[in-house]
Amino acid sequence: MAILIVAVLVSYVGMVYGPIAAFLAEYFPSRIRYTSVSVPYHIGNGWGGGAVPLITTAVWTATQSLGLTLAYSIAVPAEALLLSLRLMPETRHMKIWGA
């Protein structure tokens, strides 16, 4: 059962990280694309993702509540989704080789 759960979770990771490079690259002109995507992406993954074990362990130790422990891991991506829907521009007619 544990192997099945890990396989499902890995498939979710693949569904997210597969298209994310193309998705993020659309928002920046080609001359600054890799720096504009790479630096914030790696800082976000390092600090944001790196903080998850620390924060969830601290919350679990303080409250012994699974719901509150998972709240950070659910609330931060949900907030990022809402902000991206509100703030990220439509890029359908944008030329990728433009300045």
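The figures that follow rest on heavy atoms only: side chains count, while hydrogens, waters and symmetry mates do not.
The hydrophobic cluster containing Leu4 does not contain Val10, counting ILVMFWY residues as joined when their side-chain heavy atoms lie under 4.5 angstrom apart, directly or transitively. Under a hydrophobic clustering in which Ile, Leu, Val, Met, Phe, Trp and Tyr are joined whenever their side-chain heavy atoms come within less than 4.5 Å, directly or via other members, Tyr12 and Ile5 fall into the same cluster. At a threshold of 4.5 Å between side-chain heavy atoms, the hydrophobic network of Ile, Leu, Val, Met, Phe, Trp and Tyr places Trp47 and Val39 in one connected group.
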_Is there a side-chain contact (heavy atoms from CB on, under 4.5 Å) between Tyr72 and Val52? Walk through the geometry before answering._
CA-CA 8 Å; Tyr72 175 79; Val52 170; 3.6 Å; yes
*Do Leu9 and Val13 pass the side-chain contact (heavy atoms from CB on, under 4.5 Å) test, and can you show the C-alpha distance, the side-chain angles, and the key distance before you say yes or no?*
CA-CA 6 Å; Leu9 293 174; Val13 169; 5.7 Å; no
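Here the straight-line distance linking atom CG of Leu70 with atom OG1 of Thr56 works out to 8.5 Å at 0.5 Å rounding. Atom CD1 of residue Ile3 and atom CE of residue Met1 lie 12.0 Å apart, to the nearest 0.5 angstrom. Rounding to the nearest 0.5 Å places CH2 of Trp60 at 10.0 Å from CG of Leu68.
For the residue pair Pro19 and Gly14, the shortest heavy atom distance occurs at CD-O, 4.2 Å. Looking at every heavy atom in both residues, Thr61 comes nearest to Thr57 through OG1-O, 2.7 Å.
Crowding of Gln64 atom CD: a count of heavy atoms from other residues, nucleotides or ligands under 6.0 Å exceeding 12.
Looking at Ser84, its side chain does come within 3.5 Å of a backbone N or O of Leu81 through a donor-acceptor pair.
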